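Comments concern the structure below.
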Amino acid sequence: MNVLTQTEDTLKQEIAASIIKANLTSEEELPEIILEKPKDKSHGDFAANIAMQLARIAKKAPRQIAAEIVENLDQTKASIEKVEIAGPGFINFFMKTDFLGEVVPAILNARENYGKTDAGQQEKVQVEFVSVNPTGDLHLGHARGAAFGDVLCNILDASGYQVEREYYINDAGNQIDNLALSVEARYLQALGNNAEMPEDGYHGQDIMEIGKTLAAEFGDKWVNTDREERLAFFKEYGLNYELGKIEKDLADFGVQFDNWFSERSLYKENKITNALKTLDEKGFIFEKDGATWFKTTEFDDDKDRVLIKQDGSYTYLTPDIAYHKNKLERGFDKIINVWGADHHGYIPRMRAAIQALGYSAEQFDVKIIQMVNLFEGGEKVRMSKRTGKAVALRELMEEVGIDAVRYFFVARSNDSQLDFDMDLARSESNENPVYYVQYAHARICTMLKQAEEKGFSVNKDFDAGLLTAEKEVDLLKKLGEFPQTVTEAAQKHTPHKVTQYVFDLASLLHSFYNAEKVIDPENKEQTFARIALMKAVRITLANALRLIGVTAPEKM
RNA sequence: GUCCCAGUAGCUCAGCUGGAUAGAGCAACAGCCUUCUAAGCUGUGGGUCGCAGGUUCGAAUCCUGCCUGGGACGCCA
């Protein structure tokens, strides 16, 4: 429980009590008390618009209502320093600031746990993300999804949810057969044979590598073997190679999964026929034109969807339905999918499946990650998976660095397209926000080190009551907000709020640094208090950066 | 034609369940290093919130229509 929410809750209760006492409305009709944090400091620490909301119910002028609320308010109990009625009927509350003194000790005590809450009440959430077909390199768009998904999991975890990260491996179906054919062509080419790439082949550099490796390792061994056997081998070989690469790239990017779920296992364990049976029993299946259809229009989809094609094979949707059925059977309260923007049209049919299987649509959520446009030298870099000219995650990490890539990807809302400026991300200058934040952390580390060297013990008791300078109060308030910010980001699935927070906190730190001197041998008590404050800021910066997967350097 | 996302300062973007004079970074301009890292700070200028209606005490935010950009509309995955 943090001190800020506590004061806020108490204030809400007191306002409600006051309204009842003033006889403005009944308890039943009382609207929810909403307190906002005004942008303008002159509007206090909290502002309530309840008087305007009550205007109609109480049939009185808002300012009159506000006056009556203030009159009946127990200001001492609510820790109010000063109340003002402003504008059309806002009540502005200026809170007693002594509670701020509790912020720093609370952080120093919680350390790496500061920011964690139990808001999620151990709800079981599964997040499936990346899930790229194992047929090529991870590129820019996947990287954004990876960063988003990973950070979302981090903040859910910090907010008291039980999170599981999962990657769905599409190791069955057409694309894998195509992979085998592509590998075959590259292998034969590597041996100098004439071989053409299949129509829908994968033209990436990586497939050529596989071909060369196979040629080097096996020579012409596979040229004269039975084609079926050859393709079967190449399929497994290619799959393992690609998956290994994907896993390595992601791990280097700081993303690790709890579970790698194989599409094939759905076939092996009859999960697909099972799911089909369930849908059939519930009456959502019908036959038409020699194919088997799923009546998704029963659930707001544009048209019904084919599950089993005329040739007897499944569409992509069919195993996917079985997969999602399996997810829910594993007991998750909620399953979240992170998909690229090009898959958004797929949502209604998947949601239909969830409902048709007897689950609630509420349990299923899809986060759409909008496209990433890459800019270099002021020009847009075109990408295409077919030509293999995609900018790979690997390349990006090497050129730009993991910290910058991750920071940039979670700096913006997932449903805005993102312009990724290579030059900016690469630059080690003040234009680059990553360095700005990391610099704040490094700065504090230097101060704490110097304090120690000058004989100021960092762990000494201090008087938090001495932290009253304007910049100090700003920092204390911001520090106190952190747990709420994380919780909000978790509940609304908005990781970029944490990125924004860490930037704001860094900004306040820099501002404080330039305005006040921390280490002052002439003023020991103040120095101890400020060292403690710096330590609290350092912990909070580090915790926030850890959530977004960016390092917090001690020196720059 | 239908659906999804976006349209806010020169550029890139925030803006929470509707609230007070619409914010940040970069860019521009003017200042600040004998003092804990100037990868920093302080200040200034800059906006018909795509357009038009509607809902209401109040709309960048909600509703409707339109315009622009991107994406999706397969018995592909």
Side-chain angles (χ1 to χ4, degrees), chain A residues 32 34 36-40 42-43 47 49 52-53 55-56 61-62 86-90 92 133 135 170 173-176 178 200 288-293 301-303 305-317 320 340-348 368-371 373 375 408 411-421 424 427-440 442-451 453-454 485 488-489 492 494 496-497 499-500 503-504 506-507 509-520 527 530-531 534 555-556:
Chain A
E32 194 198 345
I34 294 165
E36 59 168 278
K37 294 189 193 95
K39 300 162 218 162
D40 191 332
S42 68
H43 294 151
N49 62 351
M52 276 110 87
Q53 289 189 315
R56 216 169 325 156
F90 287 101
N92 296 333
N133 284 344
T135 53
N170 293 108
N174 275 339
Q175 76 283 352
I176 284 300
N178 265 324
D200 302 311
K288 198 179 93 185
D289 305 331
T292 303
W293 296 69
D301 195 6
D302 296 343
K303 46 189 128 179
R305 307 292 169 177
V306 172
L307 293 178
I308 304 174
K309 304 181 223 169
Q310 276 180 342
D311 68 4
S313 65
Y314 297 134
T315 60
Y316 182 81
L317 178 62
D320 214 13
D342 53 339
H343 287 81
H344 80 263
Y346 194 75
I347 298 173
I368 290 299
I369 306 297
Q370 289 296 328
M371 277 182 45
N373 294 310
F375 286 83
F408 274 65
R412 306 228 150 82
S413 157
N414 61 290
D415 45 28
S416 275
Q417 290 191 15
L418 184 99
D419 287 348
F420 192 93
D421 186 337
L424 176 60
S427 77
E428 295 193 8
S429 74
N430 58 346
E431 295 166 25
N432 196 334
V434 190
Y435 289 93
Y436 181 86
V437 176
Q438 293 183 318
Y439 183 46
R443 245 185 174 170
I444 296 174
C445 291
T446 306
M447 280 189 273
L448 294 178
K449 211 173 133 209
Q450 296 216 358
E453 280 165 8
K454 288 179 184 169
T485 301
E488 192 194 335
K492 292 184 180 165
T494 48
H496 68 277
K497 298 228 179 261
T499 312
Q500 250 174 276
F503 186 88
D504 290 345
S507 178
L509 183 275
H510 288 307
S511 183
F512 164 80
Y513 179 90
N514 277 274
E516 314 285 350
K517 187 113 176 119
V518 171
I519 302 162
D520 181 4
T527 302
R530 287 188 170 165
I531 288 173
M534 288 303 99
K555 209 160 63 175
M556 285 176 79

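Convention: sequence-line order gives letters A, B, ...; per-chain numbering from 1. Quantities reported herein were computed from a predicted structural model and do not represent experimental measurements. The analysis underlying the following values was restricted to heavy atoms, covering all of them including side chains, and did not include hydrogens, waters or symmetry mates.
Residue contacts shown for A:Lys555 include a base, since a base heavy atom lies under 4.0 Å away. Among the heavy atoms of the strands lying under 4.0 Å from A:Phe503 are primed sugar atoms or P, OP1, OP2 only; no base atom is included. At the heavy-atom level, A:Met52 lies under 4.0 Å from base atoms of the strands shown. Among the heavy atoms of the strands lying under 4.0 Å from A:Asp289 is at least one base atom, whether or not backbone atoms are also near. Residue A:Ile34 is in base contact, counting any heavy-atom pair closer than 4.0 Å across all strands shown.
If you check distances only, the side chain of A:Asp342 never reaches the base of B:rG71 with a donor-acceptor pair under 3.5 Å.
Between the NE2 atom of A:His510 and the P atom of B:rC36 there is a distance of 16 Å, rounded to whole Å. Spacing between atom CG of A:Asn49 and atom C1' of B:rU61 amounts to 15 Å, rounded to whole angstrom units.
The side chain of A:Ser511 lies closest to B:rU42 when the candidates are B:rG19, B:rU42, B:rC16. Of the listed nucleotides (B:rG74, B:rC36, B:rG19), B:rG19 has the atom at the smallest distance from the side chain of A:Glu36. The side chain of A:Gln53 has B:rG19 as its nearest neighbour among B:rC41, B:rG19, B:rC4.
For A:Tyr346, no side-chain nitrogen or oxygen approaches OP1 or OP2 of B:rC73 to under 4.0 Å. Phosphate contact (OP1/OP2 of B:rG74, side-chain N/O of A:Lys309, threshold under 4.0 Å): absent.
Nucleotide B:rC33 carries a syn base; the chi torsion (O4'-C1'-N9-C4 or O4'-C1'-N1-C2) is within 90° of 0.
Using a 5.5 Å limit on the distance between ring centres and a 30° limit on the angle between planes, the aromatic ring of A:Tyr436 does not count as stacked on the six-membered base ring of B:rG40.
Taking the P atom of each, B:rC3 and B:rG19 are spaced 28 Å apart, rounded to whole Å.
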Margin query: How would you summarise protein contacts on nucleotides 8-15 of chain B per nucleotide, using B for base, S for sugar-phosphate only and - for none, with heavy-atom distances below 4.0 Å?
Written below: ----BSSS
